[in-house]
Amino acid sequence: MGENQIRNEEKRSLNFIEEIIEEDIRTGKNESRVHTRFPPEPNGYLHIGHAKSICLNFGLGKKYNGKTNLRFDDTNPVKEDIEYVDSIMEDVKWLGFDWEDRLFYASDYFEQLYEYALILIRKGKAFVCDMNAEEIAETRGTPTRPGIESPYRNRTIEENFELFSQMRAGFFPDGTRVLRAKIGMNSPNMHMRDPVLYRILHATHHRTGDKWCIYPMYDFAHGQSDSIERITHSICTLEFEVHRPLYDWFIREIGIYAPRQIEFARLNLSYTVMSKRKLLELVRDGYVNGWDDPRMPTVCGLRRRGYTPESIRNFADIIGVAKRDNVIDVSLLEFCIREDLNKRANRIMAVLNPLKVIIDNYPEGLVEEMESMNNPENESQGKRKVPFSKVLFIEQEDFMENPPGKFFRLAPGREVRLRSAYIIRCENFVKDPETEKITEIHCTYDPLTKSGMPESGRKVKGTLHWVSAMHALKAEVRLYERLFTKENPDDMPEGQTYKDCLNPNSLKLVTGLVEPSALSAKVSDKYQFERIGYFSVDKDSSAKNLVFNRVVSLKDSWAKIEKIKET
RNA sequence: UGACCCAUGGUGUAAUGGCAGCACAAGAGAUUUUGGUUCUCUCGGUCUAGGUUCGAAUCCUGGUGGGUCAACCA
């Protein structure tokens with residue numbers, strides 16, 4: 001253990017949750033144990049906001065030598081499904097976290113929760129209410145006006161026992177009765193006004209089947225589940241702050257172990273929506289192609305897009321944790337994946353918008369294998385051979401007939417370097433007289449400038465990527481952009497919704513030409529297409545039909561210059 | 001016309017009564033066989049009014065602004 005190492009560990013500031021935890025450890029609370037949990041409801045797919053919570057909870061468990069449970073809060077059988085349970089487990093694992101043998105379900109505790117309800121009834125702290133949902137809502141009052149007590153509030157303990165067991169036994173149809181806490185109707189906190197504890201739901205649960213026809217409300221299950229699991233720090237988002245007094249009331253009245261709830265601000269990302277409802281609509285109404293569409297902020301969407309778990313974990317780390325509302329700039333997420341892939345992704349050459357180049361003085365039929373670095377950032381990733389021949393393709397954008405001042409690429413009479421190959425000079429070009437489109441460029445190459453030769457060191461302004469026409473592979477390339485054109489799609493002018501700012505260009509399909517080494521590409525392999533961006537092999541890809549998703553473009557200072565000129 | 005929470009550069013986050021720092025973004029330059037990467041530099045901030053204090057982003061009070069809460073959803 002060197003001194004330097006100790007010095008390096010020094011002084012990384014703590015977030016407010018870590019401060020609380022370290023204080024609890026210091027004072028010996030819970031025998032200085034740290035035990036967190038990630039408690040999703042299996043009614044949808046996880047998104048980047050959940051990823052923040054997962055990284056937080058599992059990260060804290062790891063950091064303080066504690067444990068982290070995965071618990072499904074599955075108290076509403078009509079909305080939940082095993083499909084979601086499976087996808088959530090897959091996503092948590094993929095993100096790099098392990099709940100070991102601690103996979104739990106709130107439904108595991110239904111019997112225990114029922115017992116807790118009985119305790120409250122016995123203490124005269126809960127009653128069966130015969131009002132329907134509408135009546136309960138009407139008598140709840142408003143935040144500024146107290147509610148009205150239920151006429152069933154003063155039933156005897158015996159009567160409540162009888163009715164509640166009949167509820168469980170299936171005597172009553174859905175919605176006819178509920179079990180309510182008896183707290184009062186005057187609290188300024190709406191959640192404290194005789195809240196519903198149990199409702200009748202003759203529905204098949206994905207785990208308990210038809211065993212139950214009454215189900216606990218989330219509020220009656222969540223805190224007690226944490227208590228049963230001896231969670232020390234129940235970390236949740238801000239909107240549950242007002243629920244905390246109710247959880248505390250349950251814990252106190254039932255007389256069980258009390259976890260400490262800490263609330264933090266949920267993640268918002270610019271140019272995206274995060275609510276389950278909106279995400280569902282995007283999928284259901286066909287604005288995207290499923291939950292794992294690479295434009296979706298879902299974990300499976302990001303994965304398919306080509307984001308790595310490391311980049312997402314790093315993102316979660318960088319954005320921090322606090323209590324104030326926040327909107328993180330997507331460019332930070334993009335920074336994280338570029339940083340990761342820059343170090344790791346092999347480079348290959350691909351041309352997305354091909355323009356034919358003929359090297360007039362290059363021998364007909366000759367093919368040279370050009371050696372190229374897989375990753376200049378990391379020599380250990382090795383080298384590969386790229387075939388070069390007389391007819392090539394470069395990008396349309398890399399040639400201009402009348403280039404402006406700062407254009408460093410190919411133009412009549414100008415020289416450029418072909419990456420890992422020769423320096424070439426544009427001698428002339430062919431233009432379609434009707435469309436004015438340039439169809440073909442004629443160049444000469446300088447044989448002494450082959451990559452690695454002494455003459456190759458000659459200064460030229462630009463370096464272009466290219467593919468050999470006779471060797472190039474066709475590939476379907478899916479170019480993604482942000483899904484929305486507005487920074488905050490949730491905040492639209494009167495009469496408009498987030499759907500009014502969907503980006504019509506969020507997906508552009510092109511057929512590109514890639515160098516032949518791409519033939520070995522396997523699903524989810526990551527590449528940098530030199531000078532273009534990072535790409536990930538889509539699950540639709542096969543040797544016959546290569547499919548690449550653009551994860552993110554490279555930073556492009558030339559595009560910036562051009563953009564400034566436009567405006 | 002309630003309760004609770006929050007307020008630091010464009011964005012996010014530090015500073016725990018003692019020099020307002022870091023990252024992203026933006027801008028300038030250097031390097032570069034990727035207009036990438038890397039490096040250097042610049043721009044720019046404590047919501048407001050009082051109070052406490054030798055000293056306040058930090059503590060107190062008022063204001064202002066934002067958020068959350070009125071499912072038999074979670």
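Being a predicted model, the structure only gives us computed values, none of them experimental.
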Strictly under 4.0 angstrom, non-hydrogen atoms only: write out the protein contact profile of nucleotides 69-74 of chain B, one letter per nucleotide from the 5' end, B, S or -. SB-BSB
Sugar-phosphate means primed atoms, P, OP1 and OP2; the rest is base. With that split, encode nucleotides 25-39 of chain B 5' to 3' as B, S or - using protein heavy atoms under 4.0 Å. SSS-----BBBBS--
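For Trp558(A) and Phe407(A), the ring centers are positioned less than 6.0 Å apart. Aromatic pair Tyr534(A)/Phe529(A): ring centres not closer than 6.0 Å. Separation of the Phe110(A) and His205(A) ring centroids falls under the 6.0 Å cut-off. Aromatic rings from Tyr198(A) and Phe164(A) are positioned such that their centres are separated by under 6.0 Å.
rC19(B) and rC59(B) have their P atoms separated by 16 Å, given to the nearest Å. Between the P atoms of rU13(B) and rG65(B), the separation comes to 23 Å (whole Å). Remark: the separation of the C1' atoms in rA20(B) and rG44(B) is 13 Å, to the nearest Å. Comparing rG17(B) with rU32(B), their P atoms sit 50 Å apart, to the nearest whole Å. Taking atom C1' on both nucleotides, rG21(B) is separated from rG45(B) by 12 Å, rounded to a whole Å. Here, rC60(B) and rC4(B) have their P atoms 15 Å apart, quoted to the whole Å. When the P atom is compared between rA14(B) and rC22(B), the two are found 16 Å apart, to the nearest whole Å. Comparing the C1' positions of rC6(B) and rU40(B) gives an interatomic distance of 38 Å, to the nearest angstrom.
Taking OG1 from Thr139(A) and CD1 from Ile148(A), the interatomic distance works out to 6.5 Å, rounded to the nearest 0.5 Å.
A cation-pi geometry, defined here as NZ or CZ lying under 6.0 Å from the six-membered ring centre and within 45° of its normal, holds between Arg207(A) and Tyr105(A). For the pair Arg71(A) and Phe104(A), the cation does not sit on the ring face, since its NZ or CZ is not both under 6.0 Å from the ring centre and inside 45° of the axis. The cationic group of Arg482(A) lies under 6.0 Å from the six-membered ring centre of Tyr271(A) and within 45° of the ring axis, placing it in a cation-pi geometry. Cation-pi check for Arg168(A) over Trp212(A) is met; the charged atom lies under 6.0 angstrom from the ring centroid and within 45 degrees of its normal.
Proximity of a side-chain donor or acceptor of Asp74(A) to a complementary backbone N or O of Ser107(A) within less than 3.5 Å is detected.
A salt bridge (Lys or Arg N to Asp or Glu O under 4.0 Å) with Glu415(A) is found for one member of Lys461(A), Arg458(A), Arg409(A) and no other, namely Arg458(A). Checked options Arg531(A), Arg347(A), Glu530(A); the residue passing with His465(A) is Arg531(A) (criterion: side chain to side chain donor-acceptor pair (under 3.5 Å)).
One can place CG of Asp317(A) at 14 Å from P of rC24(B), the figure rounded to the nearest angstrom. At whole-Å resolution of the value, CG in Asp491(A) and P in rG66(B) are 12 Å apart. Protein atom CG of Leu56(A) is 15 Å distant from nucleotide atom C1' of rG12(B), rounded to whole Å. As rounded to whole Å, 16 Å separates atom P of rU68(B) from atom CZ of Phe264(A). Atoms CZ (Arg266(A)) and P (rG12(B)) sit 16 Å apart, rounded to a whole Å. For the pair Leu14(A) CG and rA15(B) C1', the computed distance is 13 Å after rounding to whole Å. Atom-to-atom, CG of Asp490(A) to P of rU68(B) comes out at 11 Å; the value is rounded to the nearest Å. What separates NZ of Lys323(A) from P of rU13(B) is a distance of 13 Å, to the nearest Å.
Taking side-chain N and O atoms only, Arg324(A) has a distance below 4.0 Å to OP1 or OP2 of rU13(B).
In this entry the base of rA57(B) is anti relative to its sugar, with a glycosidic angle more than 90° from 0.
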Once pairs are restricted to Watson-Crick or G-U wobble with both distances under 3.5 Å, how does RNA chain B read as a dot-bracket string, [ ] for crossings and | for other-strand pairs? .((((((..((((....[..)))).(((((.......)))))....(((((..]....))))))))))).....
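Smallest separation of non-hydrogen atoms from Asn375(A) and Lys343(A): ND2-O, 3.1 Å.
Using a 4.0 Å heavy-atom cutoff across all strands shown, Val460(A) reaches no nucleic acid atom at all.
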